[in-house]
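Written out below as structure tokens is the structure these notes cover.
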Amino acid sequence: MTLYILCFALFLTGLYGVLTKRNIIKIVIGLSIMEFSIFLFMTLIGYVNNGDAPILVNGKEQLVFVDPLPQAMVLTAIVIGLATNAMLLAIAIRIYRKYGTFDVRKINQLKG
Amino acid sequence: MESLIALYVILPLGAAFLIPLIGRFVQFFAKTISALVFAGLTALSVVYISVFHTETIRYAVGGWQAANGIPIAIYLVLDGFSGIILVMINLVTFFAVVYSFSYLKKYTAKNNFYALLCLMAAGMNGVVLTGDLFNLYVFMEIAAIASYALVAFGVEKEELEASFKYQVLGGMASLFILLGIGLVYWTTSTLNMADASRILKDYAGYRIVIFIQLLFIAGFGMKSALVPFHAWLPDAHSSAPSPISSMLSGVLIKAIGIYVLIRLFFTMFSISYEIALTITVLGVLSMLTGGVLAIGQWDYKRLLAYSSISQVGYIIIGLGIGMLVMANNGSREIAALAIFGGLFHLVNHAVAKGLLFMTAGSVEYATGIRDLKKLGGLAGKMPITSATSFSGSMAISGLPPFSGFFSKLVIIIAAIKAHYFVIAFLAAGMSIVTLAYFLRLQKGLFAAKPMAGIEKIKEVPFAMTFSMVCLAIGCIALSALIFPGVRDAIITPAVKVLMEVSNQPVTIK
């Protein structure tokens, strides 16, 4: 249970960063923290107490395995998260070149 | 037919891979292959809805068979509902590609543009076809990341800012959805939608299921820009290059937003009154807020973007009333009528809003400005743009010979029959507001006194007018869907899919 609560605390930390920070790089970091809290949560979903890695080995009696599917999902989601973060940072660099600042308050060409 | 449906993902994905490789050496390769791919896929989906529309086609990717009744493979499922969405996606994408032939003259890196466009369409086709929740997330992210890049394609100040805003909100939406999918797996130990719906039946009303539903409403609500989550849409849709705007507003918010919302809430979860009410209220809020905000806009594309929010509200209202009636065990005819109205308006809006963003692009292409205060008197100089823009505007605001009239009428009639008089009244009232801002748009653009430098303005090239004229014909031709014969062939199978599965989940062989 403690683990789930810590996981949720991590999610809220990320959300706090996205909502309150003014620097766009810090917003990206906040988003990544939220993302990884969810990855952690999904890994916890598949955990079985005293479970072993789900590999069959000759001569080994262990039959309690952790669920491999959430792990596969998390691996895929990490790759997608990499693409999202790369995209976000690429745009952030372009914004810095155009506006000369990372401050969201000064990046306000669009109104209405 | 089974293995052919994998082509919807393979062909655009393959084109997206080949275009940067070969397009560098072969001129016209990017244009030819992307136009061919989407023309072919449109033909394939038209064949499906005109011939096979009553049957559901399942394709197990990799050929894995179910073991002990538990599905292992990722299934691609094509039924009446996904059929019409596929026609819509591929048709609008095809016209957007043809439109881009001329529109892209002022941009560099054209190959990247076509590659990203193919990637976005591959993602959307995948979302519509897949029967697996996590696979849906993957395809959704493919479409979303391609659209982030395309919004920023102009790399000017506004485009970059809009793209960043869109990415932060879109990223948060994706995280909500991923968390929801994780929780579905925790509850049901399966990711297959049909299988999950069978298991979720026993959990209906549990707190965890309600939490999952709220996560999905927030996530897909953000993707389809329902009102509390709509802040990114006007920026993103007005900053993107025009063919992309027409795809974003015309199909992307429908394919990865509304379609998935409907599919999950009708097919996977059992319909409950509270959730149906939430969805309908969000629809009403979107309709009102979008329409009211659109009145104050003086930028051609921003006005269209706010109008999109409002029209998405209409679609959601139609489907929401259907859900409410079914949740109350009301008359199934009224529910079917409301769902039909929602789907009909969805198709109409895709064609009409796609067309309108293209006309906005044409005006910008010819004059270089989008500010309605500075434009004026273009009717004589740009007759085709003017005529097509008029038919698109009238189709959305709902004037009789155009398709939008019938779909709004059906939604309002369904609301009255279901005794939601307030919704019917608001929908009719907002339709007048819609007409008001579109008439102001038409007057400002084409009728008002000529703008400065009007002598030099010419009609746009053939590729652009071709797409616009075809879609304008579509605006009128879609009215035919109101006639029983045509309706039974095209939209009724989709309505049936939604009505049936919501009472009786599909069993996996």
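Letters A, B, ... are given to chains in the order of the sequence lines, protein chains preceding strands, and every chain is numbered from 1. Only this structure's heavy atoms are used, side chains among them; waters, hydrogens and symmetry mates stay out. Model, not experiment: these values are computed from the prediction.
- Taking every heavy atom of both residues into account, B/Gly182 and A/Ile45 meet most closely at O-CD1, 3.3 Å.
- Within the 4.5 angstrom heavy-atom criterion, only side-chain atoms of B/Leu191, from C-beta onward, approach chain A.
- When heavy atoms are compared at a cutoff of 4.5 Å, A/Ala77 approaches chain B by way of both its backbone and its side chain.
- The contact between A/Met42 and chain B is made entirely by side chain atoms (from C-beta outward), counting heavy-atom distances below 4.5 Å.
- Here the CG-CZ distance, from B/Leu179 to A/Phe39, works out to 11.5 Å after rounding to the nearest 0.5 Å.
- No more than 12 heavy atoms of other residues, nucleotides or ligands lie within 6.0 Å of OH in A/Tyr96, so this atom counts as exposed by the packing criterion.
- For A/Ile27, the part lying near chain B is the side chain, with the backbone staying farther off; criterion is any non-hydrogen pair under 4.5 Å.
- When heavy atoms are compared at a cutoff of 4.5 Å, B/Ser239 approaches chain A solely by way of its side chain, counted from C-beta outward.
- Across all their heavy atoms, A/Ile91 and B/Ser163 have their closest contact at CD1-OG, 3.8 Å.
- For A/Ile24, the parts sitting under 4.5 Å from any heavy atom of chain B are the backbone and the side chain alike.
- Distance check, rounded to the nearest 0.5 Å: CD of A/Glu35 to CE of B/Met172 gives 12.5 Å.
- Within 6.0 Å of CZ on A/Arg94 lie no more than 12 heavy atoms contributed by other residues, nucleotides or ligands.
- By number of non-hydrogen pairs under 4.5 angstrom with chain B, the leading residue of A/Val79, A/Val104, A/Thr76, A/Val18 is A/Thr76.
- B/Gln167 contributes a side-chain N or O that, together with a main-chain N or O of A/Leu88, makes up a donor-acceptor pair within less than 3.5 Å.
- Within 6.0 Å of OH in B/Tyr107 there are more than 12 heavy atoms belonging to other residues, nucleotides or ligands.
- Rounded to the nearest 0.5 angstrom, A/Met73 CE and B/Leu133 CG are separated by 8.5 Å.
- Within the 4.5 angstrom heavy-atom criterion, atoms from both the backbone and the side chain of A/Ile95 approach chain B.
- Taking A/Thr84, A/Val74, A/Leu69 one by one and counting their heavy-atom pairs under 4.5 Å with chain B, the maximum is reached by A/Leu69.
- Distance check, rounded to the nearest 0.5 Å: CG of B/Leu160 to CD1 of A/Ile107 gives 9.5 Å.
- Between the CE atom of A/Met34 and the CG atom of B/Leu175 there is a distance of 5.0 Å, given to the nearest 0.5 Å.
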Full working for side chain to side chain contact (heavy atoms under 4.5 Å, CB included) between B/Tyr137 and A/Ile80: CA-CA 10 Å; B/Tyr137 171 77; A/Ile80 294 171; 3.9 Å; yes

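- At a 4.5 Å heavy-atom cutoff, the contact between A/Val28 and chain B is made by side-chain atoms alone.
- Enclosure of atom OH in A/Tyr4 by more than 12 non-hydrogen atoms of other residues, nucleotides or ligands within 6.0 angstrom is indicated.
- Heavy-atom distances place both the backbone and the side chain of B/Ala162 under 4.5 Å from chain A.
- Contacts between B/Phe164 and chain A at a heavy-atom distance below 4.5 Å involve backbone atoms as well as side-chain atoms.
- Aromatic rings of A/Tyr47 and B/Trp186 (six-membered ring for Trp) have centroids beyond the 6.0 Å cut-off, not under it.
- Ring orientation note: the planes of B/Phe176 and A/Phe11 are tilted relative to one another, at an angle of 30° to 60°.
- The backbone N or O of B/Lys157 sits less than 3.5 Å from a side-chain atom of A/Tyr99, completing a donor-acceptor pair.
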